[in-house]
Student: 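So that we are looking at the same thing, I have put the structure below in structure tokens.
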Amino acid sequence: MQDPIRLQENDLRLIQALQISPRAGWSELGRALGAAPTTAARRWERLESSGAAWVSCQPLHGRDSAIAVLEVVCRAGDILQAARTLAEDAAAMTIDVTAGGRDLLITVTCPDQLALGRYLLERVAQIPEVESVRSHVVTRVYLDASRWRLRSLTSREESRISSALPPPPVRPPLRPWTLWSASSWRSSPWTADAPSSAWPRTSTSPRAPCDAACAA
């Protein structure tokens with residue numbers, strides 16, 4: 001069994017700085033933390049290689065996105081294999097190995113309810129190591145992990161790192177899908193010969209955010 005990872009106070013300070021600004025450069029982080037950039041980079045490399053901390057991204061889908069928490073029961077002895085299989089899916093945001101009435105607790109996000117249903121029926125339920133699945137659809141999110149912070153930095157250090165963040169990207173407004181009938185298609189100016197750039201289309205998804213997390 002792997003020995004538990006012991007995090008020092010400077011490790012926690014660096015992790016919290018990356019929670020605030022995951023894309024910050026080592027020069028910016030070192031300046032905010034009072035450390036040399038090379039020292040901050042080496043410290044993070046040690047944390048990441050040991051599995052104590054990591055940076056991950058999650059997709060943003062839009063207003064119709066569907067989130068669910070899955071309770072998965074696996075065959076005896078196949079829990080880790082099922083977890084490794086599901087970890088390859090972009091829809092699986094988090095996977096926890098648990099004890100009690102379920103073996104895995106999974107947070108899933110999909111573009112919409114239809115995609116969520118397909119993922120449950122056509123993907124999760126078809127994995128050989130999975131015996132049963134109980135799903136709980138999330139109807140409202142009050143707080144997510146991206147807003148969680150360690151409490152190792154002072155208020156001044158937090159402000160210094162936050163002030164170096166780039167301005168948030170301007171997101172285009174979401175447009176509803178254009179519904180076409182046979183008659184409207186014939187009477188519309190859009191034809192099969194028109195270039196694809198001229199066709200009605202929805203807005204694209206913004207860049208996915210990054211989160212820094214630790215195993216503490």
Side-chain angles (χ1 to χ4, degrees), residues 1-60 67-110 119 123-124 127-130 133 138 141 143-153 157-158 161-162 165 207-216:
M1 183 177 180
Q2 187 177 2
D3 295 333
I5 301 171
R6 299 182 181 275
L7 299 179
Q8 302 175 2
E9 186 60 30
N10 286 334
D11 296 333
L12 299 177
R13 295 176 72 244
L14 176 59
I15 292 172
Q16 185 178 352
L18 287 169
Q19 286 180 320
I20 299 172
S21 181
R23 294 187 175 92
W26 296 121
S27 298
E28 297 173 352
L29 293 174
R31 192 181 308 114
L33 299 174
T38 54
T39 301
R42 285 198 302 268
R43 183 175 295 276
W44 175 254
E45 183 179 0
R46 177 179 60 82
L47 291 170
E48 190 176 32
S49 61
S50 65
W54 58 91
V55 175
S56 62
C57 295
Q58 64 185 60
L60 293 178
I67 303 175
V69 177
L70 309 184
E71 296 182 86
V72 179
V73 176
C74 304
R75 295 187 316 196
D78 290 332
I79 298 175
L80 295 182
Q81 179 57 44
R84 282 190 288 264
T85 300
L86 290 167
E88 298 177 358
D89 297 348
M93 297 174 59
T94 63
I95 300 177
D96 294 293
V97 179
T98 66
R102 73 272 176 126
D103 299 313
L104 301 176
L105 190 66
I106 307 174
T107 306
V108 172
T109 176
C110 294
Y119 180 74
R123 171 57 174 169
V124 181
I127 295 176
E129 294 80 11
V130 171
V133 181
V138 176
V141 177
L143 189 67
D144 60 39
S146 65
R147 301 181 185 179
W148 174 78
R149 298 287 184 268
L150 292 171
R151 298 181 179 179
S152 298
L153 296 178
E157 289 172 332
E158 289 183 350
I161 297 173
S162 299
L165 288 172
R207 186 173 59 177
C210 289
D211 300 325
C214 67

Student: Do other residues, nucleotides or ligands put more than 12 heavy atoms under 6.0 Å from the CD atom of Glu45?
Tutor: no
Student: Of all the heavy-atom pairs spanning Gly101 and Val73, show the shortest one and how long it is.
Tutor: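 For Gly101 and Val73, the tightest heavy-atom pair comes out as O-CG2, 3.6 Å.
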Student: Taking all heavy atoms of Ala82 and all of Glu129, pick out the closest pair and write down the distance.
Tutor: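 That closest heavy-atom pairing would be CB-CB, 3.9 Å.
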Student: How close do Ile106 and Ala92 get, counting heavy atoms only, and between which atoms?
Tutor: CG2-CB, 4.1 Å
Student: Contact between Leu18 and Ile15 at the side-chain level, heavy atoms closer than 4.5 Å - yes or no?
Tutor: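 No. Closest side-chain heavy atoms not under 4.5 Å.
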Student: Report the distance from atom CD of Glu157 to atom CG of Leu33, rounding to the nearest 0.5 Å.
Tutor: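 Going from CD on Glu157 over to CG on Leu33, the span is 6.5 Å.
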Student: Working to the nearest 0.5 angstrom, can you tell me the gap between Ile79 CD1 and Leu104 CG?
Tutor: 6.5 Å
Student: Where do Cys110 and Ala91 come nearest, in terms of heavy atoms and distance?
Tutor: SG-CB, 4.3 Å
Student: Would you name the heavy atoms of Ala40 and Trp26 that are closest together and state the gap between them?
Tutor: O-CZ3, 3.7 Å
Student: Rounded to the nearest 0.5 Å, what separation is found between the CZ atom of Arg46 and the CG atom of Leu14?
Tutor: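 Arg46 atom CZ to Leu14 atom CG measures 9.5 Å (nearest 0.5 Å).
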Student: So, for Ile161 and Ser21, which heavy atoms are closest and what is the spacing to 0.1 Å?
Tutor: CG2-CB, 3.9 Å
Student: Should Val124 and Leu86 count as side-chain neighbours, where that means a heavy-atom distance under 4.5 Å?
Tutor: yes
Student: Mind checking whether Arg123 and Thr85 have side chains closer than 4.5 Å, heavy atoms only?
Tutor: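 Yes, at least one pair of side-chain atoms sits under 4.5 Å.
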Student: For the CG atom of Leu29 and the CD1 atom of Ile20, what is their distance to the nearest 0.5 Å?
Tutor: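 Result: 9.5 Å between the selected atoms.
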Student: For Asp89 and Tyr119: C-alpha separation, side-chain torsions, deciding distance, then whether side chain to side chain contact (heavy atoms under 4.5 Å, CB included) applies.
Tutor: CA-CA 10 Å; Asp89 297 348; Tyr119 180 74; 2.8 Å; yes
Student: State, with a plain yes or no, whether a side-chain heavy atom of Arg75 is found less than 4.5 Å away from one of Gln81.
Tutor: no
Student: Got a salt bridge between Arg149 and Glu158, using NZ or NE/NH1/NH2 to carboxylate O under 4.0 Å?
Tutor: no
Student: At what distance, to the nearest 0.5 angstrom, does OG of Ser50 lie from CG of Leu7?
Tutor: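 It comes to 7.5 Å.
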Student: Can you list everything that forms a side chain to side chain contact (heavy atoms under 4.5 Å, CB included) with Arg102? Sequence neighbours excluded, please.
Tutor: Glu71, Thr98, Leu105
Student: Would the distance check show the side chain of Gln16 and the main-chain N or O of Leu153 forming a donor-acceptor pair, the cut-off being under 3.5 Å?
Tutor: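 Confirmed, Gln16 side chain pairs with Leu153 backbone.
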